[in-house]
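Here the structure comes first, spelled out in structure tokens, and everything after it is commentary.
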Amino acid sequence: MANKAVFSIGSDWLGQGELLFAWQRSDSLVAVCGSSGIVHILDRQGKKYTELSLPENRPLKELDWDKDGEAVAILQEGLTYVLVWNINTRNYTQLEIGSNDRPSFIKWSKVQPVLAIGSEKGGLVFYNKGTQRKIPTVGKHSMKVISGDWSKDDLLITGSDDKTLTISTMNGDTKMQSSQIKAQPWNLKWGNAGMATMMLKDQCLLAYFTNDNLSSIEISFQQHYGRLLTYEWFSEDRIIAGFSEGWVVAITTHLAEMGNEINSVKLFNTTLDAICVCKSLGKVAIAGDNSIRILALSNFKESRSDKIELAFEDGRITKMYWTDDGQILTAATTGGKLLNFLMIMPSLSSSFGTLVGLLTSLTEISVIECSGGVRVINKVTLETEPSIMCLGPFHIGVGINASVWYYRWRDHKKDLIDGGVCVRKRDYRGSAKSMVINHAWTATLSDGICSLHLIENDDPKAEKQFPEGNDEKVACIAMSPSFLFIGDASNRIRCFSLEDMNFVSEYRMESPIAAVYPSQTGTKVVVKDVTGAGFLYTPANEKRLSIPNFSSSVLKVIWDTSDQNLFVICEAEKVLAFLYSPVTLYGATIEPVRELLSVEDLDKNLRESVTIIEKGQKPVLLFNGILFCLSESQGNVKGNFLSSHTYLNQWRGRSDTPEGHYKFFLQNLSLKRFQQCFLVAEKLGGVKIPEVLGNLALQNLDLEVAERAYQISKNVGMVYAIKNMKHESEKQILLGNVALILHQHDLAQDLYMKSSQPKLALEMRCDLQDWIIALQLARSVAPEEEPIISKQLALQLEAQGNYSEALRLFERAAQSMQGSGLSSQELNQNLMQSYAGMARTSIRNGDITRGNKIALELNDPQLKVDCAQVCEQMKHYIEAAQLYKSGGQPEKAASLYIRLKKWKEALELMSVIKTPKLLIQLAKAKEAENSFKEAEEAYEKAGDFESVIRLNLGTLDNPDRAKTLIKTKCPTTAAASMMADYLIDKGKKEEALEFLIMAERKQDASVLAQSNKLIEKYSKIVLERDDKNVEEHVKIALVAEGQDKPWLAARHYEKAGNLQKCLQLYMQAGEEYYDEAIDMAGRAKSDVISMQLYDFFMGEMGDGIPKDPKYIFRLNLVMGRLKEAANTAIIIATEEMEAGNYKKAHTILYDTTKRLREEGQRVPQAMQNKLMIVHSYVIVKRLAKLQDHLAAAKLLNRVGKNISQFPAHTVQILTSTVLECTKAGLKEAAYNWACVLVRPEYRVYLDEKYKKPIEKVAIKRPKVADPEETTSQCPFCNAYIFDYELECESCKNSIPYCVASGKHMILKEWSQCPNCKFPAILSELVRSLESEPTCPMCNQSITSGQLKLLPDPVSELRSMMDKAENEGEEGEEENQARY
């Protein structure tokens, strides 16, 4: 759309030849005149506003509009006057300058309604349009005025053909006049402060400094540029100049760099015609070679898309003008044409909700929907180009000057009206400055008056004008669906209800109001004042909040249409987002949305989240964090996320990465969207993130999210605290509770005090032990609690050392405690504490007498002790000792008496003193008095046994007690040394030996032992006390060997590590020391030593005589050769049984079995059977004691079947069997065994006492069989078998036997000995203990209380079965190996 020709007029209007034109300062109307002699006034679209027929048809020299755009001055050739035409009156004013002179120059002031007219004779006339007064002046110049310009300070500089310059005021006074310059000054222009520039012919520029007595600098250019044709200022210190050879050059006018070139470029080959600068766009238009080219002033880069090509017949361009808004570029040509080009689209825009109204051409507005993608939904055609516009939900209002047109673009059903329809045109008083629209109402501001009325209804009752009465003029307006907001000149912002047609709220600011920006609903309004400060005003409660970082550079405020608490302030190049929080712990707040890179940034004062706006972008709408901007260069609307919302739309839900979740969390956190934060808090894990979320949610009273966040962080305390407060209905109490759990105690106090329960503030301070504030609160909130709090504060002050104030508060508490409403018990307790405090602080303050008196009167031991401590700290030791004694701490009293050397008082307390230090001091005092027995008691009570020993070896002469103390309570070197010296003195050298070694006087002990043949005693003591000293053991071994004591030498050689020598000496020592040799081999764990010892026992070494097998058994056992030990044990047990040593055999078998079990080794079946047989015999005696003859008979039957293993007592055992069977009623069994006994080989050995009874039993077989034996279940297969049967016929398993009864084990009563772990039937073992309190197997003492049923006997049985199977497999392997 850029560079589109808006309109052009040619010779049909203007005539042939060159033409002149001039735009109003407001760029609304243009005046143009050609050879036709008619001045045409046109608007921006080229529509004729009016035309002026000049009184005389003379060629025009100049046209110029005044600052207000109300009057145009017309200068014609050859006339003695200047015409001024007024746009309002449509009349001419003829300004004569004198009959003998003619005007040559005209220029309107930029500030005042003053026209300067220069004459051909060098005079100046100043015409004031307002007063209609002319001020003629003479002597300004001597020749024709040819050029001039007004400054911003309203100074006129003029140049003349006389080559002089004059500076005049608007009243005609000459302020400054120059001396003659070298050429006529053409194209005079004011530059920066105090500098004016001009062209001297076509050669150079001259810069004049009016602040420095018209000093000047001439600026020359390179010759190849050609002639200087024109120039323009484009900044305070920059000039652009055009030359005849087509060059364009930019120079600086900075004093230190005057004339330095900044940029230069050759654009044209033939000619350069004109230059025109647009400062608002930062561009320059250069005409030449039938084209207009556009350069950027910053770098001279050409915008090729903006180049304008002209028709050849239009001719060369003589003049160009670019409107200040950059929209229209006007050019006049030698062909008599006025050309107007649209350089940029007008930037008029307005928004409502998610809609944007955009002026897309001079007479067309596009309505754009921004939600769901930017798209044009309607285009409204206008009658004229507007200067203001406003978009509503159904209407568009456009205005120019005092006229406003209202177009409906959709109906109330939201159906679009294609092209729109004008529903109303209205003229207002004065030019419309701004306009606001809602669904039905409109308000227009013009000349300080706000006109409110319905858009499509002419009802006078529905019209209002503001101000009313004596109110100040209106400065700004804004509208929401229900309210009109008015800011007036009296600094007030007022809210007018459109429903009630009345003002409903009003607030007066400190400074005049510049603009108001209400939210969508109108419940919040951002107010900007003329100082640049910004506030958020809430009409509902007429409160305001200051907006941080708001400045005068803020151009606009936009509310987010989807987030009612988010708004942005727009500056030229950036946008800052702010969040309004209506309900927080700290009240309503406004905070800038911050850019968080981590949760730690919450504790830092980081910069706000800034969104940078590209140049040429104009923010128009904010929707869901997307800022929609109008591109002034492209004429369209684009949306970009605010920097605070960039990741919210990119988040991929639960499938996003941890980094994505974290960004999503941080951006939502900065926007206080806590529910969204919670969605990812659990995903992020950890404790800190949910803790941060919980704290921030709590501060903003989002209790639900806070509770769930703390649940994630496992903060049980906070979860319960929130649950307890969630249902609190009173806001101030709820806020106070939140502040309390966030540890903001001062805030919590303020909130509680504003609530209906101010006592909560007092309770909080008491819980915090902040007694100073608690006391202040108690006076107003709960006076009855003042005494208790005074007491607590006094205790605190006492601890801090402020004793005088503490005493005052203790006294105050004691005096007023009666009115505290406490129960009798609580009252007495608090009174006691108050008086106690008075006692302590009285002493602290120097009133010892009063403090002691109070302490003694109260008769509280602890108080007396406390006061004693205070007295002690203050060095009042006598009083302290008395109080300690009275308070039940005699030791401390005695300590003080001893410090004071008051021995008498201290000795009185000796019986109750327990502190060793005190007792030792007393003992020394007694010893000094020769009271040695009492001194001994004191030393002993203090634990100073060395002193007790010293007394017993000295004055008390009781060495036996000294010995006892050394061995039992004081085995120190000093005590032993004293004892040794005493015994040596008494000639008891053998006794002294032990104490010398104990005293570590080994050299003395060694000398004494050798000189007195006490080496065995010495050896024994050394082995007991110091068996690590190798050198000492070698010495003893050598001495013992020399004294022919090989066993003794062997012991010490072992300690010295010489095992070979040790073994050799043990072999020499004889059989008495073989066991020691075996133990030594076991300790050494040396295969060499054990094999040598084994060979010795086998007779293969040493004397060649085999030794008793028991030594080989012990050696195997000690060396861990358990299988060999087991085999040897069976052999030894067999020999012992053959010798009749059944208990010894039992012991060998049991010990070996136990050792094998402990080492996890199998027990050979032969050993198990032999142990079962011998054990069955051993327990018969115990059963007989219990009169259980049946059990005894059954076990003797079992032994009888294996009688060959008892050859030494065959007859005796069988005799016992017959007798027990008879007693048990087993006559058939008795008969059978009696028949065996009467055989010849046994009969001769029968005891005469039993011979006849046995023969009698054997004579006749009983007629009745023995009673059938009782049965019980097999623990393996549950089949019933006889109680004493150890093999199950059904499952063929060997069943474990009970060590107490010899029966097979049953599952339901499976128990075991707690020592040896052999199985036993619980009831049988308990009964056995009645006879002897020892285990029948291991003979160790046990009680019935130690016995219990096994919880899982099946597992125990299965373990035994597994071992039995392993034994079977190993036995089979051994058999295979054998064969």
Side-chain angles (χ1 to χ4, degrees), residues 1142-1143 1145-1147 1149-1158 1163 1165 1167-1199 1269-1276 1278 1280-1288 1293-1364:
Y1142 308 121
K1143 285 192 177 181
H1146 183 278
T1147 300
L1149 292 168
Y1150 163 72
D1151 289 342
T1152 308
T1153 300
K1154 183 180 179 185
R1155 179 68 183 275
L1156 288 169
R1157 284 184 175 182
E1158 288 173 351
V1163 180
Q1165 189 65 43
M1167 179 177 283
Q1168 293 183 44
N1169 289 337
K1170 191 169 283 294
L1171 178 61
M1172 181 268 294
I1173 295 300
V1174 74
H1175 183 71
S1176 297
Y1177 178 73
V1178 167
I1179 63 173
V1180 167
K1181 186 176 179 181
R1182 183 180 293 218
L1183 292 170
K1185 281 185 182 179
L1186 293 170
Q1187 301 297 314
D1188 189 353
H1189 299 295
L1190 178 61
K1194 289 293 183 182
L1195 293 182
L1196 286 171
N1197 270 321
R1198 181 183 295 167
V1199 172
E1269 187 179 339
T1270 57
T1271 63
S1272 55
Q1273 285 182 310
C1274 168
F1276 290 104
N1278 293 330
Y1280 282 91
I1281 58 175
F1282 295 126
D1283 289 344
Y1284 291 92
E1285 188 65 47
L1286 300 182
E1287 296 285 340
C1288 178
N1293 281 318
S1294 295
I1295 306 173
Y1297 58 91
C1298 168
V1299 298
S1301 63
K1303 296 179 181 180
H1304 69 73
M1305 291 298 295
I1306 56 177
L1307 291 176
K1308 65 181 179 180
E1309 279 202 84
W1310 198 297
S1311 182
Q1312 63 184 18
C1313 170
N1315 298 315
C1316 65
K1317 308 301 181 185
F1318 272 77
I1321 297 172
L1322 180 61
S1323 58
E1324 296 291 349
L1325 185 54
V1326 171
R1327 188 166 68 95
S1328 175
L1329 293 177
E1330 294 174 2
S1331 172
E1332 293 181 30
T1334 58
C1335 171
M1337 179 62 75
C1338 63
N1339 285 321
Q1340 293 190 49
S1341 296
I1342 55 173
T1343 63
S1344 59
Q1346 294 177 269
L1347 304 179
K1348 58 183 178 181
L1349 293 173
L1350 289 187
D1352 189 8
V1354 175
S1355 296
E1356 180 72 16
L1357 183 63
R1358 190 178 294 118
S1359 174
M1360 290 181 173
M1361 246 184 114
D1362 292 343
K1363 287 182 180 178

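The basis for the numbers below is simple: all heavy atoms, side chains too, and nothing from hydrogens, waters or symmetry mates.
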Inset, instruction - Show your reasoning for whether side chain to side chain contact (heavy atoms under 4.5 Å, CB included) applies to S1272 and H1304. - result: CA-CA 9 Å; S1272 55; H1304 69 73; 2.9 Å; yes

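- Between the Q1168 side chain and the V1163 main chain, a donor and an acceptor come within less than 3.5 Å of each other.
- Note: Y1177 and Y1142 have perpendicular aromatic rings, judged against thresholds of 30 and 60 degrees for the angle between ring planes.
- With a 4.5 Å cut-off on side-chain heavy atoms, L1171 and Y1297 count as touching.
- The two residues A1300 and L1183 have their closest heavy-atom pair at O-CD2, 4.0 Å.
- Shortest non-hydrogen contact noted between P1314 and I1342 is CG-CG2, 3.8 Å.
- Atom NZ in K1154 sits 7.5 Å away from atom SG in C1316 (nearest 0.5 Å).
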Legend entry - Steps toward side chain to side chain contact (heavy atoms under 4.5 Å, CB included) verdict (Q1187, H1189): CA-CA 6 Å; Q1187 301 297 314; H1189 299 295; 3.2 Å; yes

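- To the nearest 0.5 Å, the span separating OG on S1176 from NZ on K1194 amounts to 13.5 Å.
- In this structure, V1199 and V1180 have side chains that are not in contact, with every pair of non-hydrogen atoms separated by 4.5 Å or more.
- Of all the heavy atoms in S1331 and L1186, the pair that sits closest is CB-CD2, 3.6 Å.
- The CG atom of N1315 sits 8.5 Å away from atom OG of S1341, with the distance rounded to the nearest 0.5 Å.
- Rounding to the nearest 0.5 angstrom, the gap separating the CE atom in M1337 from the CG atom in L1149 is 9.5 Å.
- For the residue pair P1296 and F1276, the shortest heavy atom distance occurs at CD-CE1, 4.4 Å.
- A pairwise comparison of heavy atoms in L1307 and P1275 identifies CD1-O, 3.7 Å as the closest pair.
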Inset, instruction - Evaluate side chain to side chain contact (heavy atoms under 4.5 Å, CB included) for R1198 paired with M1172, printing each intermediate quantity in order. - result: CA-CA 10 Å; R1198 181 183 295 167; M1172 181 268 294; 3.5 Å; yes

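- For the side-chain contact (heavy atoms from CB on, under 4.5 Å) with W1310, the lone residue among L1357, L1349, L1322 that qualifies is L1357.
- Screening E1324, E1309, E1285 for a salt bridge (Lys or Arg N to Asp or Glu O under 4.0 Å) with K1303, the sole residue that qualifies is E1324.
- To the nearest 0.5 angstrom, D1283 atom CG is 8.5 Å from S1301 atom OG.
- Of the residues T1343, T1334, L1347, the one that meets the side-chain contact (heavy atoms from CB on, under 4.5 Å) test with L1329 is L1347.
- Remark: M1305 CE to Q1312 CD distance equals 9.0 Å, nearest 0.5 Å.
- E1269 places a side-chain N or O within 3.5 Å of a backbone atom of Y1284 that can act as its donor or acceptor partner.
- H1146 and H1175 get closest at one heavy-atom pair: NE2-ND1, 2.9 Å.
- A salt bridge is defined here as a Lys NZ or Arg NE, NH1 or NH2 lying under 4.0 Å from an Asp or Glu carboxylate O, and R1327 with D1188 meets this definition.
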